[in-house]
> 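Please read through the structure below; I'll follow up with questions.
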Amino acid sequence: MENKLKWYHKAIVYQIYPRSFYDSNGDGIGDIQGIIAKLDYLKKLGVNAIWLSPVYRSPNDDNGYDISDYCDINPEYGTMDDMDQLILEAKKRDLKIIMDLVINHTSDEHPWFIASKDPKSKYRDYYIWQDKPNNWTSFFAGPAWTKVNDAYYLHLFSKKQPDLNWKNPKVMEEIKKILHFWLKKGIAGFRCDVINIIYKTTLEDGKKRFVLTGKEHYHSQAGCHRILKELRSDVLEQYDCFTVGETVLVNTQQANELIHPDRKELDMVFGFEHMDVDHINNKWFKTKFKPKKMMKVLNTWQQEVYWNANYFENHDQPRSVSRYLKNDEKYRVVGAKMLATLNLSLRGTPYIYQGQEIGMTNANFRTIEEYRDLESIRIEKLARKLWFPKWLRMRILSKASRDNARQPLQWNQAGGFTTGNSTWIPENPNKSYINIEDQTKDKNSILKYYQELIKFRNESEALLKGNFKPYSATKKIYSFIRESNDQKLLIVLNMSNKKPRIPKGIKGDIVVSNYHRTNFINPRLNPYEALIIDITRREA
Ligand code: ISL
Ligand code: CA
């Protein structure tokens, strides 16, 4: 493995949610010129690649995850010229661009779908039409079928996101053209949206479930593997690029079946098992976060999966400081640094989501009107129908809504996201004390810690390519070893707000510490303390 590492194994990827990153023209919506304006900021942070959530033409039912033209840019974000300029400016700075590839579904406003409503159209079979719906349910709750005239079409997400029919070879040809279009422009890969559910083997009724009835008919099917192999051999192999799959509901075996190099499908996948440890049944029913459960999942993935895509935040997940820290006011700064240490020292390619590098928090909206995400709005309606009281509905959303991660990035005390006087989604008032400008000046800030940690990682053989060995996983402390030929590191993380004893026998040189620790005289770890200890020359 060590010798086979490619650039994307060593890279750190920064995810941009364009709508909320930086607004260059004062309309309250982030845009491509805004990204160009901030490339130097990203370069200074030290990341190597940028994954852009969708910027394609879209009616924005699901903020761009509903595409109406794959080879055009959403006018709210700019033009194709802006996009070409972004690719060029990024290249000048040696930053790679990864595009979001959403090919499970299109928008219902895509010309293919509009045409396919006519049963006689040659586009009819681009989508999945039936005279009668089956019992499948959508990821956004409710039935997965909607009626148009006398027939029903399948949509695993919103009804404005009809699923493509991957049994139709013409769909494959269309998508190949789109891949070539973008790769020829010089982009370096794709993050492939819900890629493991694109192939529907049968349309029979599913086993009744609390969520996602029907999934056994489309989850990680043989047909999906065939598609991925073909896209790779016929298109992707011709370019220096990589793919990371967003793969819902996969276990480690299924992950390996998608990414093992011998199979020639994807290069890595985002698993969800570590995101599932703080809820029962579905993400809306949050339980107390127990670090040990997370440690167990991470140990399994680290040891069993060929190469991991490591992340703790993205545009669908609540903010990690609000989610995993007992008191995110008191411990936000040390806690964010501890989580950074975890994210950047696991084996695999780390992904950082915009705002994570300054410890941005959940939204704390007070009214339902402040929410923008279609999923949140749907769930709130559903909960109202079920007589959930208002305080409970608001509480559920405040913990689990995707809008928690979608507030504008906080550039300075006034916000600094836009020059206009409104933003498409309310800003977080805590911008006054959580923002990039302040943290650039403060040498103890989360941002500075990220910069230093990234530098350390980029120079560390063990972190870049070493193997992973679990050391201990207790209720509070997570520790593991990363070892390469010439370097051996022990990572020790207190994932609690308590002060547990440092595990016995730990010696070595402290090379990273979020408390400026230089020795082990204090035998207890501070709340959320994180240490990287060089044990190359000592036995731990
Ligand atoms: O957040 C979720 C719903 O509760 C996830 O299940 C999410 O829908 C799933 O991870 C798929 O996400 C991706 O595809 C969706 C899009 O809405 C998400 O933003 C995207 O990341 C449909 O394209
Ligand atoms: Ca704008």
Side-chain angles (χ1 to χ4, degrees), residues 1-6 8-13 191-192 194-197 215-216 219-222 224-225 228-229 232 242-279 289-314 317 324 339 341-351 457 460-475 477-485 488-493 495:
M1 176 73 203
E2 281 211 8
N3 307 326
K4 288 193 222 131
L5 287 187
K6 301 241 177 70
Y8 46 83
H9 294 116
K10 298 182 193 163
I12 297 173
V13 185
R191 174 267 188 190
C192 310
V194 291
I195 198 68
N196 61 324
I197 61 171
K215 75 168 187 194
E216 62 276 23
H219 184 263
S220 295
Q221 304 287 298
C224 175
H225 292 290
L228 292 174
K229 284 192 166 68
R232 178 147 177 167
F242 83 103
T243 50
V244 48
E246 188 219 22
T247 49
V248 286
L249 308 161
V250 291
N251 56 32
T252 53
Q253 188 197 330
Q254 291 162 333
N256 278 327
E257 284 165 5
L258 289 159
I259 66 165
H260 196 280
D262 297 344
R263 298 182 56 104
K264 297 201 182 306
E265 296 184 24
L266 300 166
D267 295 297
M268 58 186 101
V269 296
F270 292 123
F272 281 76
E273 286 190 334
H274 71 303
M275 288 282 121
D276 289 339
V277 297
D278 63 345
H279 60 236
F289 170 59
K290 295 205 174 115
K292 196 172 174 180
K293 279 194 183 170
M294 163 97 85
M295 299 172 200
K296 269 194 171 159
V297 175
L298 291 176
N299 276 345
T300 309
W301 278 69
Q302 288 283 301
Q303 290 173 280
E304 293 178 8
V305 175
Y306 185 78
W307 189 259
N308 277 285
N310 297 313
Y311 74 98
F312 293 93
E313 289 190 20
N314 63 36
Q317 301 290 339
Y324 302 127
L339 291 166
T341 317
L342 175 61
N343 198 11
L344 290 165
S345 61
L346 288 170
R347 182 167 178 278
T349 302
Y351 289 74
R457 180 187 161 90
S460 162
E461 282 247 314
L463 291 190
L464 289 176
K465 46 188 180 180
N467 60 20
F468 172 97
K469 251 188 251 141
Y471 187 80
S472 77
T474 69
K475 249 167 113 178
I477 304 175
Y478 187 33
S479 63
F480 51 87
I481 290 173
R482 298 292 315 280
E483 185 176 15
S484 63
N485 288 339
K488 190 171 183 183
L489 300 177
L490 174 65
I491 292 88
V492 180
L493 307 166
M495 296 186 74

> Looking at CE of M268 and OG1 of T247, how far apart are the two atoms once the value is rounded to the nearest 0.5 Å?
12.0 Å
> Considering non-hydrogen atoms only, spot the tightest contact between L249 and Q254 and give its length.
O-OE1, 3.7 Å
> Quick check against the 3.5 Å criterion: does H9 have a side-chain atom that pairs as donor or acceptor with the backbone of K6?
yes
> Determine, step by step, whether H274 and W301 satisfy the ring-ring contact (aromatic ring centres under 6.0 Å, His included) criterion, reporting the C-alpha distance in whole Å, the side-chain angles of both residues, the deciding distance to 0.1 Å, and the verdict.
CA-CA 9 Å; H274 71 303; W301 278 69; 7.5 Å; no
> Would you say the side-chain atoms of T349 pair up with the backbone N or O of Y8, donor to acceptor, closer than 3.5 Å?
yes
> List the steps, then state whether side-chain contact (heavy atoms from CB on, under 4.5 Å) holds for S460 with L489.
CA-CA 9 Å; S460 162; L489 300 177; 3.6 Å; yes
> Please round to the nearest 0.5 Å and tell me the distance separating atom CD1 of I477 and atom NZ of K292.
12.0 Å
> Quick one: closest heavy-atom pair of S484 and A462, and the distance?
OG-N, 3.5 Å
> Nearest 0.5 angstrom please: N310 CG to I12 CD1, how far?
11.0 Å
> Thinking salt bridges, do E246 and R191 make one under a 4.0 Å N-O criterion?
yes
> Enter the distance from Q303:CD to K469:NZ here, rounded to the nearest 0.5 Å.
10.5 Å
> Contact between I195 and V269 at the side-chain level, heavy atoms closer than 4.5 Å - yes or no?
no
> Indicate the ring-plane relationship of Y311 and F270, choosing parallel, tilted or perpendicular according to the 30° and 60° boundaries.
perpendicular
> I'd like to know whether E273 forms a side-chain contact (heavy atoms from CB on, under 4.5 Å) with T300, so could you lay out the CA-CA distance, the side-chain angles of the two residues, the decisive distance to 0.1 Å, and finally the verdict.
CA-CA 10 Å; E273 286 190 334; T300 309; 5.7 Å; no
> Angle between ring planes, F289 versus Y324, binned at 30° and 60°: parallel, tilted or perpendicular?
tilted
> Rounded at 0.5 Å granularity, tell me how far CD in Q302 sits from CG in L346.
4.5 Å
> Identify the residue among Y478, F480, F468 that makes a side chain to side chain contact (heavy atoms under 4.5 Å, CB included) with L298.
Y478
> Evaluate the side-chain proximity of F312 to M294: yes if any heavy-atom separation is below 4.5 Å, no if none is.
yes
> Would you check if N308 and R347 make a side-chain contact, meaning some heavy-atom pair closer than 4.5 Å?
no
> Run through L258, V244, N196 and flag the one making a side chain to side chain contact (heavy atoms under 4.5 Å, CB included) with L266.
L258
> Look at the side chain of Q317 and the backbone N and O of N314, then say whether any donor-acceptor pair between them is shorter than 3.5 Å.
no
> Nearest 0.5 Å, please: how far is CD in Q253 from CD in E304?
9.5 Å
> Take atom NZ in K229; do more than 12 heavy atoms of anything else shown fall under 6.0 Å from it?
yes
> Any Lys/Arg nitrogen of D267 or R232 sitting under 4.0 Å from an Asp/Glu carboxylate oxygen of the other?
yes
> Hey, does the side chain of R482 reach the backbone of K488 with a donor-acceptor pair shorter than 3.5 angstrom?
no
> Counting distance only, does the side-chain N/O of Q221 pair as donor-acceptor with the main-chain N or O of H219 below 3.5 Å?
yes
> Evaluate the side-chain proximity of Y306 to R263: yes if any heavy-atom separation is below 4.5 Å, no if none is.
no
> Could you check whether any side-chain N or O of S479 sits under 3.5 Å from a backbone N or O of S472, counting only pairs where one atom can act as donor and the other as acceptor?
yes
> What's the shortest heavy-atom distance between Y351 and N343, and which atoms?
O-ND2, 3.1 Å
